[in-house]
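In what follows, a single structure is set out as C-alpha cells and then discussed.
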Amino acid sequence: MWRIERRHEEFPGTVTLALRREGHLEVPALPGQFNMLYAFGAGEVAISLSGPSAPSSDPLIHTIKSQGFATQALCRLPVGAQLGVRGPFGHGWPMLDGSHRPLVIIAGGLGLAPLRPLIYRFLQGQLPARSLQVFYGARRPQEMLYREELPAWGKSFELVTSVDHADTNWNGHVGVITDPLRVSAVNVKEALVLLCGPEIMMRFCIQVLRHKGVPASSIYLSMERNMKCAIGLCGHCQWGPHLVCRDGPVFCYQDVCKWFQINGL
Amino acid sequence: MESLKLRAEHLEVLIHAIRADGYQLYGPLLDNGAITYGEIGTASDLPQGWTDEQEGGQYRLKRRADKAYFGYAVGPHSWKQYLQLPRRPVWKASNSGGDLQILEIEEAPVKLAFLGVRSCELHGIAIQDRVFSQGNYSNESYTRRRAELFTIALECTTAADTCFCMSMNTGPYVRLPSDLILTEVVNSDTHFLLIRSGSPEGEAILKQLPTEIATKTDLKQAIEAVDQTAQKMRSGPRNFDSSDLKELLYRNYDSPIWDKVAERCLSCANCTMACPTCFCSTVEDSTDLTGTKAERWERWDSCFTADLSHLSGGPVRADTRTQYRQWMTHKLATWYDQFDSSGCVGCGRCITWCPVGIDITEEVQNIRAQEKP
Ligand SMILES: Cc1cc2nc3c(=O)[nH]c(=O)nc-3n(C[C@H](O)[C@H](O)[C@H](O)COP(=O)(O)OP(=O)(O)OC[C@H]3O[C@@H](n4cnc5c(N)ncnc54)[C@H](O)[C@@H]3O)c2cc1C
Ligand code: SF4
Ligand code: SF4
Ligand code: FES
C-alpha cells in the first residue's frame with residue numbers, strides 16, 4: 001500500500017503529496033500521465049504526476065486541489081496515511097526528439113502540475129530542448145503553485161507569471177496570461193508549445209498562438225474530463241471520437257482542433 | 001454445417017440437454033406485460049403463442065393464431081444484463097489502525113447459456129466484446145462471464161415495426177458465430193426448428209437431440225420465413241442507408257434538429273438502459289458506520305445524466321440537447337472511431353421504450369433533410 005511520505009501545503013486547499021510504497025519498484029510514469037488516487041471510502045480521482053524531480057526511485061508526487069468530496073478527503077490525509085494508487089495512465093506530453101526545439105509551456109492554475117516534471121527535466125539538462133519559456137497564470141499571487149521554486153526557475157529560463165487579481169507585493173503581470181503571451185517573442189517556426197489549464201484559457205491561448213503563426217501540429221494540450229475507470233471501459237471521459245483516458249489526456253491540437261471548437265462535447 | 005430438423009415438441013430436449021451440461025439457461029418469458037429475459041427451466045416457460053406490437057413509445061402483447069415459440073421481436077431486456085451486470089461489487093476495503101487493505105471480489109464462475117439470441121443481439125454482444133475485452137484493458141467480470149457463454153441464436157421470422165437491422169446490416173439472418181442456430185417454421189401443417197451448430201460445444205449438444213434430416217421443403221420454408229421478415233423491414237419506413245452516418249453526424253454538431261429533439265426528450269435514460277450496446281458505468285464508494293470498512297460497487301450509468309460529465313466547474317453536458325447529441329452521435333458515429341464498429345445494431349429498443357417515442361431512425365432522416373438546402 002501507498003503511504004504519504006511528505007505533505008506540503010501549497011496554499012489553503014491545495015497540497016502536494018509525496019507517495020511511497022514499501023518494497024516495490026515503481027513503474028516509471030511519463031510527464032503528463034496521471035494516477036487514480038483513492039481516499040478510503042470517499043472516492044477515487046484522476047490526478048496528474050507533478051513530480052518526482054528526478055525520474056528514478058523517488059516517490060510519486062501529486063498536487064491536489066480540494067474541489068469536492070474525494071479531493072477534500074485526499075487533501076486532509078496526514079503524513080503516514082495510506083491511500084490507493086492505480087496507474088500510471090494515459091499518453092503524456094510528446095517526447096522531444098533530438099532536434100532540440102525551443103519549448104514553450106503555458107499553464108493556468110493547477111495546470112502547472114502536470115508540466116512540472118518537464119520543467120525539472122529541463123533544469124537537470126535531461127530534456128533535449130534548446131530553450132524553455134514558461135507562461136503561468138493564476139488567480140491570485142497566493143494561489144500560485146510551487147512558489148518556493150519560482151524564483152530559481154526565473155533565473156534558469158524565461159518565466160512569465162500573471163495573476164487575475166494582484167496584491168501590493170505583486171510585480172508580475174495582471175490580467176489573463178494571453179496578454180503577455182501575445183507580446184512575447186516566441187520562435188513560432190520551431191517552438192513546441194504545451195498547454196494545460198481550464199478549457200477556456202487554452203482556447204484563448206491557442207487563438208493567440210495560431211495568430212502568431214504557430215502551426216497546429218506544434219501545439220499540444222491536456223484535456224480534462226470526468227474519469228472513473230481510467231482504462232477506456234466506463235464511458236465517462238467521452239470527448240467526440242476520443243476517450244480522454246485512453247487516447248489522451250494529452251492531444252496534438254492538429255488532431256483535435258475540430259473537436260476542441262465544439263461546446264458541450 | 002448441415003441443418004437438421006428438430007420437431008417443436010423436442011425443444012424440451014434441447015433445453016434439458018443444455019441445463020444438464022451445467023449451464024444456467026436464460027431466455028424469453030412473459031413478465032409484467034412484456035416479453036423479457038429470465039431463467040428458463042422448461043419449454044413451457046417460453047412465451048409460446050404470443051407476439052408483440054411495437055411502435056415509438058408503444059408496446060403491446062397479443063395472442064398469435066399459432067403456437068410459435070419465438071413469434072415476437074426483442075423486448076425491453078437485453079442480454080447485457082447477464083454479461084455487464086447492472087450492479088456488482090468490485091472490491092471491499094478495510095482500514096484498521098491505519099492499515100489499508102483492498103480485497104478484490106471474485107465472482108463465482110458461471111456458465112451462461114442464452115436461448116433465442118437474435119442476429120442483432122449477437123452483434124450487440126460482439127460490440128460489447130470490443131469495448132470490454134479487446135482493448136488494452138478488460139472488464140474482468142464481463143470477460144469471465146462472456147468466456148463461458150453458450151448461445152442458441154435465432155433467425156427472426158417475426159420483426160417488430162421498430163426493427164431496422166436491415167439498415168444496420170445486423171440481421172435478420174444469423175451470420176456471426178453461435179454455438180447453435182435455430183430457425184422456427186410454423187404453419188398449419190408443421191411446426192419445427194431448423195437447427196445447425198457453429199462450434200464443437202454446439203455440435204456436442206446437437207448430437208444429443210432427436211433430430212431428423214431436413215428435407216428440401218423444410219429448408220425452403222425456413223429460408224422463406226426469414227426472407228419475408230427481411231422483406232417487411234426493407235419496405236418499411238425505418239429502412240435507410242446507413243453507409244454515411246458517421247460523416248453525416250460529424251457534419252451536423254450544430255444542426256437545429258438537436259434543439260427540436262431536446263424539446264421532447266425527458267433525459268430519462270430509458271434508451272440507454274434498454275440498448276444492448278450502451279456500456280457506460282460508474283462506481284460508488286462508500287464506508288460503513290464505523291468508518292473502517294469500505295466498498296466499491298459498479299453500476300450502469302447513462303450519458304443522459306449530468307453527473308456523467310461532471311467536472312469541478314460544472315457538467316460538460318448539462319442540457320438535454322448536448323446529452324441527446326452525445327448519445328446519438330456516439331451510437332452512430334464516434335463509436336466507429338473508438339471501437340471500429342457501429343454502436344447501434346438496429347434493434348429498435350430505444351424507439352419502443354422511449355416514453356415520448358423519439359425515434360433514432362427518424363432523427364437521422366430529420367438531420368439529413370435539414371441539411372438539404
Ligand atoms: C487527466 C486528469 C488529470 C488531473 N490532474 C489533476 C491534478 O493534478 N490535480 C488536481 O487537483 N486535479 C486534477 N484533476 C482534476 C480532478 O480529477 C478533479 O478535480 C476531481 O475529480 C474532483 O473530484 P472531487 O471528488 O473532489 O470532486 P467532486 O466535484 O465531488 O466530484 C467527484 C465525483 O463525484 C461525482 N460528483 C460529486 N459531486 C457531484 C455533483 N454535484 N453532481 C454530479 N456528480 C458529482 C462526480 O461523478 C465526480 O466524478 C485531473 C483530472 C484529469 C481528468
Ligand atoms: S441505439 Fe437503439 S436501435 Fe440501436 S442498438 Fe441501441 S437500442 Fe437498439
Ligand atoms: S430519447 Fe427518450 S428514452 Fe432516451 S432519454 Fe430521451 S426521453 Fe428518455
Ligand atoms: S475514464 Fe472510464 S472510459 Fe475513460
Side-chain angles (χ1 to χ4, degrees), chain A residues 1-4 36 38-46 65-71 73 77-78 80-86 89 109-110 198-200 223-247 255 258-259 261-265, chain B residues 84 91 93-95 98-102 131-132 135-139 142 246 250 253-254 272 278-288 291-296 298 301-303 307-313 315-319 321-323 325-326 329-330 333-339:
Chain A
M1 250 328 136
W2 292 86
R3 224 175 253 289
I4 298 179
M36 295 298 287
Y38 168 71
F40 184 78
E44 194 187 40
V45 289
K65 180 172 179 180
S66 175
Q67 306 266 18
F69 208 55
T71 45
L77 291 177
Q82 292 193 335
L83 73 174
V85 178
R86 291 194 293 135
F89 296 120
L110 216 65
E199 248 172 87
I200 180 88
M223 287 297 294
E224 180 180 349
R225 279 295 176 271
N226 190 306
M227 288 188 184
K228 290 293 178 201
C229 73
I231 53 177
L233 302 174
C234 78
H236 274 254
C237 64
Q238 291 278 347
W239 186 46
H242 298 293
L243 292 165
V244 174
C245 70
R246 184 188 77 175
D247 307 336
D255 301 336
K258 174 188 158 71
W259 311 107
Q261 312 304 334
I262 302 173
N263 282 317
L265 193 62
Chain B
Q84 184 199 2
W91 45 249
S94 63
N95 193 14
D99 191 28
L100 178 60
Q101 300 283 344
I102 292 178
V131 174
F132 287 138
N136 288 341
Y137 296 92
S138 70
N139 177 323
Y142 177 93
K246 179 175 143 178
Y250 277 10
Y253 271 90
D254 287 328
T272 55
C278 277
F279 63 89
C280 284
S281 67
T282 192
V283 290
E284 285 163 355
D285 289 307
S286 61
T287 44
D288 70 350
T292 57
K293 290 195 167 61
E295 284 183 354
R296 166 164 298 180
E298 183 189 281
D301 204 349
S302 169
C303 52
D307 288 25
L308 189 101
S309 64
H310 174 85
L311 287 181
S312 51
V316 177
R317 294 182 292 274
D319 59 1
R321 174 180 164 277
T322 51
Q323 289 166 4
R325 181 179 74 177
Q326 163 65 27
T329 308
H330 188 216
T334 53
W335 207 292
Y336 285 99
D337 281 312
Q338 292 174 0
F339 302 107

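Throughout, a chain's letter reflects where its sequence line sits, starting with A, and its residues are numbered from 1. Excluded from the calculations below are hydrogen atoms, water molecules and symmetry mates; all remaining heavy atoms, backbone and side chain alike, are included. Small disclaimer: the values here were computed from a predicted structure and weren't measured.
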Checklist outcome for this item: Nearest heavy-atom contact between Ser94(B) and Phe40(A) is C-CE1, 3.7 Å
Checklist outcome for this item: Counting heavy-atom pairs under 4.5 Å with chain A, the top scorer among Lys246(B), His330(B), Gln326(B) is His330(B)
Next on the checklist: Under 4.5 Å from any heavy atom of chain B, what part of Phe69(A) do you find: side chain, backbone, both or neither?
Outcome noted: neither
Item to check | Region of Arg321(B) that comes under 4.5 Å of a non-hydrogen atom in chain A | outcome: neither
Checklist entry - What option among Asp337(B), Leu311(B), Thr322(B), Thr287(B) has the most heavy-atom pairs under 4.5 Å with chain A? => result Leu311(B)
Item to check | Top of Asp307(B), Asp99(B), Asp319(B) for chain A proximity - count of heavy-atom pairs under 4.5 angstrom | outcome: Asp99(B)
Next on the checklist: So for Thr292(B), is it side chain, backbone, both, or neither that comes closer than 4.5 Å to the heavy atoms of chain A?
Outcome noted: backbone
Item to check | Under 4.5 Å from a heavy atom of chain B, the part of Glu199(A) involved | outcome: neither
Item to check | Where Leu83(A) and Met1(A) come nearest, the two heavy atoms and their spacing | outcome: O-SD, 3.6 Å
Next on the checklist: Which atoms of Asn263(A) are under 4.5 Å from chain B, going by heavy atoms: the side chain, the backbone, both sets, or neither?
Outcome noted: backbone
Next on the checklist: I'd like to verify something: which residue of Thr329(B), Ile102(B), Thr334(B), Leu308(B) has the highest number of heavy-atom pairs under 4.5 Å with chain A?
Outcome noted: Leu308(B)
Next on the checklist: With a 4.5 angstrom heavy-atom cut-off, is it the side chain or the backbone of Gln338(B) that approaches chain A, or both, or neither?
Outcome noted: both
